[in-house]
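Following: one structure in structure tokens, then a few remarks.
Every heavy atom of this structure was used, including side-chain atoms; hydrogens, water molecules and symmetry mates were not.
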Amino acid sequence: MNDPTADWEFLLRDPGPLPPRAPRRARLLAAVRTVRAARLLRRRGWPDAQRYLRTLRPASRARLEPAEAVRLARREVLPCLTWLRLADPNALCLPRSYALVTYLTTLGLPAEVVVARQRSSIGGRFAFHAWAELYDEVLGDIPGLKAGFTELQRIGSEEVRRVEAGNPGSTA
């Protein structure tokens, strides 16, 4: 066996051939940016973290169809969350989704952080949750969770969005 990741690849939900890995240099830069973003969120808060994510520019310009992009993103969840674990071992949903979107944005994928409020209250209190999305697919979380939440905010890179708008159907 030449590829050490081949054993767990069957856990991807989408059937079909695996997309090619992102370039090694882009993945390394994504890891560095993930650690930096996690520290920024922890030290300076959500407003500064949003500004960072909105202005983040991709290091790689992979041209993939949406289904391939989602498969690539799912393939990169584990490496991203491993890097996050080094930067913030106790990260909850917002830091996890923020780190994943930072990582995927660096790879050129138009991922977004979604912050939402639970639709039903427990004892008069509402729960809040955050997750990462790419082409309306939840990444790194329970796929059906969107049904129980009302979206409050969606944040992604404006640069990637701009490129995506110019090339529909690809992640530029």
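- With values rounded to the nearest 0.5 angstrom, W131 atom CH2 is found 12.0 Å from L139 atom CG.
- Sorted by first and then second residue, the salt bridge (Lys or Arg N to Asp or Glu O under 4.0 Å) pairs with a member in residues 97-109 form an empty list; sequence neighbours excluded.
- Scanning both residues, G108 and V160, for their nearest heavy atoms gives O-CG1, 4.2 Å.
- Among all heavy-atom pairs drawn from A130 and D141, the shortest one is O-OD2, 4.1 Å.
- Side-chain contact between E159 and R54 is absent, with no heavy atoms from C-beta onward closer than 4.5 Å.
- The main-chain N or O of Y52 is found under 3.5 Å from a side-chain atom of T55 such that the two form a donor-acceptor pair.
- Cluster membership for I155 and L100, using ILVMFWY side-chain heavy atoms within less than 4.5 angstrom, is not shared.
- By the rule that hydrophobic residues join a cluster once side-chain heavy atoms approach within less than 4.5 Å of another member, Y135 and L72 end up as members of one cluster.
- V77 approaches G140 most closely through the heavy-atom pair CG1-CA, 4.2 Å.
- Looking at heavy atoms from C-beta onward, L107 lies out of side-chain contact with P58 at the 4.5 angstrom threshold.
- A salt bridge links K146 with E133: at least one charged nitrogen is closer than 4.0 Å to a carboxylate oxygen.
- The closest side-chain heavy-atom distance from R75 to R71 is not below 4.5 Å.
- Remark: side-chain polar atoms of T150 are not paired, donor with acceptor, to backbone N or O of R119 under 3.5 angstrom.
- Other residues, nucleotides and ligands contribute at most 12 non-hydrogen atoms within 6.0 Å of the CZ atom of R57.
- A salt bridge (Lys or Arg N to Asp or Glu O under 4.0 Å) check over residues 105-116, counting only residues at least two apart or in different chains, returns the pairs E112-R154, E112-R161.
- Paired with V101 under the rule side-chain contact (heavy atoms from CB on, under 4.5 Å), one option of V113, L56, L109, V114 passes, and it is V113.
- If you take OG1 on T102 and CG on L40, they are separated by 9.0 Å, rounding to the nearest 0.5 Å.
- With values rounded to the nearest 0.5 angstrom, D48 atom CG is found 13.0 Å from R43 atom CZ.
- Every pair passing side-chain hydrogen bond (donor to acceptor under 3.5 Å, both in side chains) that includes a residue from residues 25-39 is listed here, sequence neighbours excluded: R27-E76, R33-T106.
- Within the structure, the ring-ring contact (aromatic ring centres under 6.0 Å, His included) test picks out the following pairs touching residues 96-123 (sequence neighbours left out): W46-Y98.
- Hydrophobic clustering places V70 together with L104 (ILVMFWY residues linked when any side-chain heavy atoms are closer than 4.5 Å, directly or through intermediates).
- The shortest distance between side-chain heavy atoms of F149 and E151 does not fall below 4.5 Å.
- Counting side-chain heavy-atom gaps under 4.5 Å among Ile, Leu, Val, Met, Phe, Trp and Tyr, L28 is found in no cluster with other residues.
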Residues 85-97 side chain polar contacts: donor-acceptor under 3.5 Å, at least two apart:
| unit_1 | atom_1 | unit_2 | atom_2 | d |
| --- | --- | --- | --- | --- |
| R85 | NH1 | P89 | O | 3.0 |
| S97 | OG | C93 | O | 2.9 |
| S97 | OG | L94 | O | 3.1 |

